[in-house]
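What follows is a single structure, written as structure tokens, with notes after it.
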Amino acid sequence: LVATGVGAKTYRRIRFILIQNRAGKTRLAKWYMQFDDDEKQKLIEEVHAVVTVRDAKHTNFVEFRNFKIIYRRYAGLYFCICVDVTDNNLAYLEGIHNFVEVLNEYFHNVCELDLVFNFYKVYTVVDEMFLAGEIRETSQTKVLKQLLMLQSLE
Amino acid sequence: MPAPIRLRELIRTIRTARTQAEEREMIQKECAAIRSSFREEDNTYRCRNVAKLLYMHMLGYPAHFGQLECLKLIASQKFTDKRIGYLGAMLLLDERQDVHLLMTNCIKNDLNHSTQYVQGLALCTLGCMGSSEMCRDLAGEVEKLLKTSNSYLRKKAALCAVHVIRKVPELMEMFLPATKNLLSEKNHGVLHTSVVLLTEMCERSPDMLLHFRKLVPQLVRILKNLIMSGYSPEHDVSGISDPFLQVRILRLLRILGRSDDDSSEAMNDILAQVATNTETSKNVGNAILYETVLTIMDIKSESGLRVLAINILGRFLLNNDKNIRYVALTSLLKTVQTDHNAVQRHRSTIVDCLKDLDVSIKRRAMELSFALVNGNNIRGMMKELLYFLDSCDPEFKADCASGVFLAAEKYAPSKRWHIDTIMRVLTTAGSYVRDDSVPNLIQLITNSVEMHAYTVQRLYKALLDDISQQPLVQVSSWCIGEYGDLLVSGQCEEEEPIQVTEDEVLDVLEGLLVSNLSTPVTRGYSLTAIMKLSTRFSSVNRIKKVVSIYGSSIDVELQQRAVEYNALFKKYDHMRPALLERMPIMEKTASNGPTEIVQTNGETEPSVPDTKHPPLVTQPANQANDLLDLLGGNDVVPVIQTTLPTKPASAGGELLDLLGDLSLSSGPAPAPSVPISQPPFLLDGLSSQPLFNDISAAIPPMTAYSKNGLKIEFTFERVSHDWTKNLCGSIIDLCSIVQLSQSWEYAGRRMSYEADLAGAVFYTLCVPLLQTFQLQLLSPSSNIVPALNQGSVTQVIRVLNPQKQQLRMRVKLTYTHKGSPIQDLAEVNNFPPQSWQ
């Protein structure tokens, strides 16, 4: 993974967040590092390949190039966060779950179609909880409050 | 023109497409419509169009023509426009396009907007994809927002500042004043992001680190409040209050406490408290515990705390959740060198993990198991590891086999056990064994003189069963070639000798030559083995016939060998016995592990009788007095020694035993080195063997000691084994080459050296001057240094320097020269900087 720009050293942070379904369709791709479009596409395909062959006997952590991916499967969707090798796996696993719970509340028992038709809203949720490759807000109540406020402005 | 279709409609339509081609068609049609709509500069529907474009972009279609439209949306006054505009900017633009600079002004205005949500949007976008130029321009605005009272904005501003610092590190200073009050926030979100900001600053700049060290007490207090304060519904996760904040604070404490005693001490209590009080039934608690363990390991904690941390990891290993087991194994691997004893206590749990279902857990368990093997547990551990080797996936077999060999070489309790273990590996995972293990094994077998009969018998039996595993076949054929006479004479002591005739043996070897399973290399081995048997067996005619057949083989290597052997039979028959006699014991090279290429005499023709030193068998002598001498008042830790050379008082007897085994014939016998009690012969042919074929170019060699003609030179090599890769530090091997360069008159006769003692027996102790690294001395190549640079004695010293401290060493030399004992003490300070950095 060669990223351009300063700040691409091995400091800990999130490199990207992906939500993919089993077929490989991307429902959300949030990048916190610079990549070309074809690099992004390649990454998406690679992550999909790596993550879908694993099942319940495997851990939720995969070594990926010189980073690692923390992922969890919810129904037909894979939520993947790509972090540095030295990051705390378990904490990010909790972060994923936190995020999914917020989505669940916001969309009232979220399903994949919700994410498809409201993709721009999903990005808003991501941006409320993560910023600059770090977890920003962890309180579900606060995030939901903000989201509702934003919604009222539409 | 009709209104462009709504986003939902588009999505629904596209989803009805049944093939890729149909979808592409729909998208192209819609893109065309959107393009013409853009051309009309329609403000009302721009937002809708861009949203549709973004959806299509997410499906993987190009959408770059919408970039400028995003900018127009950002400049609009409507919130919905801005929202989609910024999203578009984040998805479609990146800093490589010049277009993005046009955003700078818009963002600047929006950062000062009256609505916090607009400000938030701007901060978010800047924080995600702001380029260096944008960051430079807008850093001031961000800094202002960092000081605002609005907590929603402060959170975003803090992380945006993190991004700015990442892009333009020089701007870090600018944010310093704003950080003054960050930690006194009550708002968890702000606190969290502030900790992240502080962490980023400390990681990037050592000055900042020093500056912020004074925050440690405050951080400790905050953490304490979090744990004690009980229920806080907003940030509660499964009963633990704000675990994310706890984890981040722990990480910051780690960075602040690293290599600083005072800060580490201030943290000791709270770390112990977190470690003991956190609820472990769910993943959340374990996440905090894990971060705590990482922190304890990294700072200068007291040993009791470290043991607590390792015990936590041990408990993790018993957890049902495989994620937690994985995480524990990874951490244990990192600490196994420094806290070896504590980790040893959990050995049985670790070994159980070898049977886990997950591949990555198995791999880590294997690496950790190898790291834990020592002289005491070798038998038990090897049993488990061999069982693992039997049943593991092929991807592991090569590494496991190499690891087994290495461990066996270091800690084998007896020769027989060693040979048995090797046999087991060869027969179960023979085809996965690395190619360079074959020469290693051959050398090992050669040196275990008393086991020759047993070894060749077992290898022969293995060959009868299975000839498909090439390394096994190669080692076996080599052995049969060397010790075939022992095989047919039925001399084995260790087990029931088998009855086998010469013809049966030759059948097997010839079978290898013709078998489809044998590689060319293997065929070479067998041909040479057959040839060697011509001096050990009586059926010479049969051998002659075989050899002559292969004189016309298609394989060039085989043909060459056969032709040369034929020539031996015909023209040089008088030399044949000498050439084909038993291999002498090979000079023991340092155990650098299977990844190094070892120089041996393997299977090549012994065209010149090699006169090498048999290694004098050594026993560790009582070093106590000498260590105290060297230590003399400094706080120096004695070196860990594997074996040391002793005065070879008993060596004479063993040498004679060795000589008895060698099948000496009428040809020139190899001149063995003789201990000091007898006059030494001229040691011809002993050239200084470089132990490392490729000396690491990065570290230049150095002269450590040079006095009275005795010179000690150090050459360096970095060692990397797979399973010590996790070690954060360097392991280098020092090869110390000792030479005697004093020139004496050569009196013209070979025997003149006996009076002027040409060699020196030496005896060194090396002690590192600092406590922070460890030395391991491996046995030297010999005890006698020949004179006139005729040769040298080499000894490998392995240096573990995890903290990358400058290397210094004190060397004490005790040797006899011209009959009189000499002692000398020297300090070695001139290690090249590359050796410890």
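As a basis for the values below, the full set of heavy atoms in this structure was taken, side chains included, without hydrogen atoms, waters or symmetry mates. Lettering of chains follows the sequences in order, A, B, ..., and the numbering in each one begins at 1.
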Report the option among [options] that has the most heavy-atom pairs separated by less than 4.5 Å from atoms of chain A.
{"options": "Asp356(B), Val162(B), Val327(B), Val359(B)", "answer": "Val327(B)"}
{"options": "Tyr290(B), Phe244(B), Phe79(B)", "answer": "Phe244(B)"}
{"options": "Ile11(B), Leu357(B), Thr125(B), Ile288(B)", "answer": "Ile11(B)"}
{"options": "Thr115(B), Val284(B), Leu294(B)", "answer": "Val284(B)"}
{"options": "His163(B), Lys282(B), Lys155(B)", "answer": "Lys155(B)"}
{"options": "Cys160(B), Cys124(B), Gly189(B)", "answer": "Cys124(B)"}

Closest non-hydrogen atom pair, [X] against [Y]:
{"X": "Leu159(B)", "Y": "Ile135(A)", "result": "CD1-O, 4.1 Å"}
{"X": "Ala287(B)", "Y": "Ala91(A)", "result": "CB-N, 3.7 Å"}
{"X": "Arg136(A)", "Y": "His192(B)", "result": "O-CD2, 4.3 Å"}
{"X": "Arg166(B)", "Y": "Ala132(A)", "result": "NH1-O, 2.9 Å"}
{"X": "His58(A)", "Y": "Asp358(B)", "result": "CA-OD2, 2.8 Å"}
{"X": "Gly127(B)", "Y": "Leu131(A)", "result": "CA-CD2, 3.8 Å"}

Practice problem: Show your working on side chain to side chain contact (heavy atoms under 4.5 Å, CB included) between Gln146(A) and Tyr117(B) and close with a plain yes or no. | Solution: CA-CA 9 Å; Gln146(A) 300 294 1; Tyr117(B) 297 106; 3.5 Å; yes
Exercise. Pick whichever of Asn60(A), Asn89(A), Asn98(A), Thr26(A) has the most heavy-atom pairs under 4.5 Å with chain B.
Key: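 Answer, by heavy-atom pair count under 4.5 Å with chain B: Asn60(A).
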Quiz item: If you tally heavy-atom pairs under 4.5 Å against chain B, which of Thr138(A), Leu28(A), Thr141(A) wins?
Solution: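 That would be Thr138(A).
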Under 4.5 Å from any heavy atom of chain B - which part of [X]:
{"X": "Asp36(A)", "result": "both"}
{"X": "Glu63(A)", "result": "side chain"}
{"X": "Lys57(A)", "result": "both"}
{"X": "Ala29(A)", "result": "backbone"}

Quiz item: Who in residues 44-54 of chain A is close to chain B, using a strict under-4.5 Å heavy-atom cut-off?
Solution: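 Interface residues of residues 44-54 of chain A: Arg54(A).
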Exercise. Using heavy atoms and a sub-4.5 Å threshold, report which of residues 107-119 of chain A line up against chain B, by residue number.
Key: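 Within residues 107-119 of chain A, the residues that come under 4.5 Å of chain B (heavy atoms only) are Leu113(A), Val116(A), Phe117(A), Asn118(A), Phe119(A).
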Identify which part of [X] has an atom lying under 4.5 Å from any heavy atom of chain A, answering side chain, backbone, both or neither.
{"X": "Arg325(B)", "answer": "neither"}
{"X": "Leu54(B)", "answer": "both"}
{"X": "Leu121(B)", "answer": "neither"}
{"X": "Ile361(B)", "answer": "side chain"}
{"X": "Ile84(B)", "answer": "side chain"}
{"X": "Tyr86(B)", "answer": "neither"}
{"X": "Val247(B)", "answer": "side chain"}
{"X": "Ile165(B)", "answer": "neither"}

From [atom1] ([X]) to [atom2] ([Y]), nearest 0.5 Å:
{"X": "Lys322(B)", "Y": "Phe61(A)", "atom1": "NZ", "atom2": "CZ", "value": "8.5 Å"}
{"X": "Asn88(A)", "Y": "Arg248(B)", "atom1": "CG", "atom2": "CZ", "value": "10.0 Å"}
{"X": "Tyr123(A)", "Y": "Leu87(B)", "atom1": "OH", "atom2": "CG", "value": "6.5 Å"}

Quiz item: Under 3.5 Å, is there a donor-acceptor pair linking the side chains of His64(B) and Asp37(A)?
Solution: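 Yes, because at least one side-chain N or O of His64(B) sits under 3.5 Å from a partner of the opposite role on Asp37(A).
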Self-check item: Short side-chain donor-acceptor distance under 3.5 Å, Glu137(A) and Tyr152(B)
Solution: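 Tyr152(B) vs Glu137(A): no donor-acceptor pair found between side chains.
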Quiz prompt | Asp127(A) with Lys156(B): basic N within carboxylate O range, under 4.0 Å | solution =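 No salt bridge links Asp127(A) with Lys156(B).
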Quiz prompt | For Tyr32(A), all residues meeting ring pair (Phe, Tyr, Trp, His ring centres under 6.0 Å), sequence neighbours excluded | solution =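 Per chain and number, Tyr32(A) pairs via ring pair (Phe, Tyr, Trp, His ring centres under 6.0 Å) with no residue.
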Quiz item: Within a reach of under 6.0 Å around NZ of Lys145(A), are more than 12 heavy atoms found that belong to other residues, nucleotides or ligands?
Solution: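 Atom NZ in Lys145(A) is not crowded, with 12 or fewer foreign heavy atoms closer than 6.0 Å.
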Quiz item: Would one find more than 12 heavy atoms of other residues, nucleotides or ligands at under 6.0 Å from atom CD of Gln67(B)?
Solution: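 Check passes, neighbour count above 12.
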Practice problem: Name all pairs fulfilling the salt bridge (charged side-chain N to carboxylate O under 4.0 Å, His left out) condition that reach into residues 78-90 of chain B, sequence neighbours left out, sorted by first residue then second. | Solution: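 Counting only pairs at least two positions apart or across chains, the salt bridge (charged side-chain N to carboxylate O under 4.0 Å, His left out) contacts touching residues 78-90 of chain B are Glu154(A)-Arg83(B), Lys82(B)-Asp110(B).
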Exercise. Test Gln34(A) against Ser131(B) for side chain to side chain contact (heavy atoms under 4.5 Å, CB included), laying out the working first.
Key: CA-CA 10 Å; Gln34(A) 296 288 351; Ser131(B) 65; over 6 Å; no
